[in-house]
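Accompanying notes for the structure given below.
Just so it is clear, the structure is predicted and the values come from calculations on it, not from any experiment.
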Amino acid sequence: GSSVDYESTSQQYLLIPDADELDPGDTFTLECLFRPEGLGANQTLFDKGTNGYNMTVTSGGLLQLQKRGSGAIVNSTVTLQAGTTYHLAATKSGATVKLYIDGIDRTGTVTDRTVQATATDLHIGRASASTNYIDGRLQEAAFYGTALSGARIAAHVAALSQPGVVALSPGTGHVVINGHRPRLSI
């Protein structure tokens, strides 16, 4: 797959214009490969603005899902290390929330907060408030308007060691990755 190296000092990020498909409410999955080059500052991977979803690696190296502007929903139970590539995923379906690191459920204590649709563009690599830029390599960022199962997340991790099949579904314009069609893939 393709990747982008981001340096926090260069303030690089990806901006995807707001669309109904990016605002599923309280049911979604955020997924990516991330290799932090440094820790010590919050690094936002995905952000949909105030009251929307936000997936961040905290200054302490924890994976965190939050309702932006309201607070953390959950932190991971393990700490990420600089210089290591991780497959990261956060799923939410109402009060059911999971954080996966390399396909393993690493969900800490959940505080249910209802994520809402926003009119904010999707920011990848920084917070929508132009803060918390990432310092590292971000690959295979994906958004799904459904909460993927643990088995599906594990299958995505297993597929990373296999040659990937990426195709454009004829007549539909949909991207298909290893037989599965994500809502948005970058």
Exercise for the section: Is it possible for you to say whether Tyr100 and Ile104 belong to one hydrophobic cluster, with membership spreading through side-chain heavy-atom contacts below 4.5 Å? Expected result: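 Tyr100 and Ile104: separate clusters.
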
Problem - In one Ile/Leu/Val/Met/Phe/Trp/Tyr side-chain cluster, 4.5 Å: Leu62, Leu30 - result: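 No; tracing contacts between hydrophobic side chains, which count when under 4.5 Å, never links both residues.
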
Rounded to the nearest 0.5 Å, what separates atom [atom1] in [X] from atom [atom2] in [Y]?
X: Leu122; Y: Tyr13; atom1: CG; atom2: OH; result: 12.0 Å
X: Ser93; Y: Lys98; atom1: OG; atom2: NZ; result: 12.0 Å
X: Ser70; Y: Asn51; atom1: OG; atom2: CG; result: 7.0 Å
X: Leu88; Y: Arg106; atom1: CG; atom2: CZ; result: 12.0 Å
X: Leu63; Y: Met55; atom1: CG; atom2: CE; result: 5.5 Å
X: Thr111; Y: Gln66; atom1: OG1; atom2: CD; result: 12.0 Å

Exam field: side chain [X] to backbone [Y], donor-acceptor pair closer than 3.5 Å:
X: Thr77; Y: Gly108; answer: no
X: Lys67; Y: Ala72; answer: no
X: Arg35; Y: Gly83; answer: yes
X: Asp47; Y: Asn54; answer: no
X: Thr50; Y: Arg68; answer: no
X: Thr56; Y: Thr58; answer: no
X: Thr120; Y: Gly49; answer: no

Does the side chain of [Y] come within less than 4.5 Å of [X]'s, by heavy atoms?
X: Arg137; Y: Thr85; result: no
X: Ile101; Y: Ser76; result: yes
X: Tyr86; Y: Leu33; result: no
X: Leu22; Y: Phe143; result: yes
X: Ile124; Y: Thr44; result: no

Practice task
Walk me through it: do Asp105 and Leu99 pass the test side-chain contact (heavy atoms from CB on, under 4.5 Å)?
Solution key: CA-CA 6 Å; Asp105 184 345; Leu99 293 179; 5.7 Å; no

Kindly give the heavy-atom pair with the smallest separation between [X] and [Y], and that separation in Å.
X: His156; Y: Tyr144; value: CE1-OH, 3.3 Å
X: Val74; Y: Thr107; value: CG2-CG2, 3.7 Å
X: Gly60; Y: Thr79; value: O-CG2, 3.2 Å
X: Ala147; Y: Thr91; value: CB-CB, 4.2 Å
X: Leu80; Y: Val57; value: CD1-CG2, 3.8 Å
X: Ala82; Y: Leu39; value: N-CD1, 3.8 Å

Exercise for the section: Please list, chain by chain and in numerical order, all residues satisfying ring pair (Phe, Tyr, Trp, His ring centres under 6.0 Å) with Phe28, sequence neighbours excluded. Expected result: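 Residues passing ring pair (Phe, Tyr, Trp, His ring centres under 6.0 Å) with Phe28: Tyr53.
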
Exercise for the section: Check the pair Glu140 / Cys32 against side-chain contact (heavy atoms from CB on, under 4.5 Å), numbers first and verdict last. Expected result: CA-CA 5 Å; Glu140 308 297 332; Cys32 67; 5.9 Å; no

Exercise for the section: Go through the structure and list residues passing side chain to side chain contact (heavy atoms under 4.5 Å, CB included) with Asp23, not counting sequence neighbours. Expected result: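 Side chain to side chain contact (heavy atoms under 4.5 Å, CB included) check on Asp23 returns Asp18, Lys48, Ala117, Thr118.
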
Exercise for the section: Under the side chain to side chain contact (heavy atoms under 4.5 Å, CB included) rule, collect the residues that match up with Ser59, sequence neighbours excluded. Expected result: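 Asn42.
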
Practice task
I would like to know whether Ile73 and Val115 meet side-chain contact (heavy atoms from CB on, under 4.5 Å); could you show each step before the answer?
Solution key: CA-CA 10 Å; Ile73 295 170; Val115 172; 4.0 Å; yes

Exercise for the section: Go through the steps for Lys92 and Thr114 under the test side-chain contact (heavy atoms from CB on, under 4.5 Å), then give the verdict. Expected result: CA-CA 10 Å; Lys92 188 167 190 326; Thr114 302; 5.7 Å; no

Practice task
Before accepting this row, confirm whether a basic side-chain N of the pair Arg113/Asp26 lies closer than 4.0 Å to the acidic partner's carboxylate O.
Solution key: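 Salt bridge between Arg113 and Asp26, a charged N being under 4.0 Å from a carboxylate O: no.
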
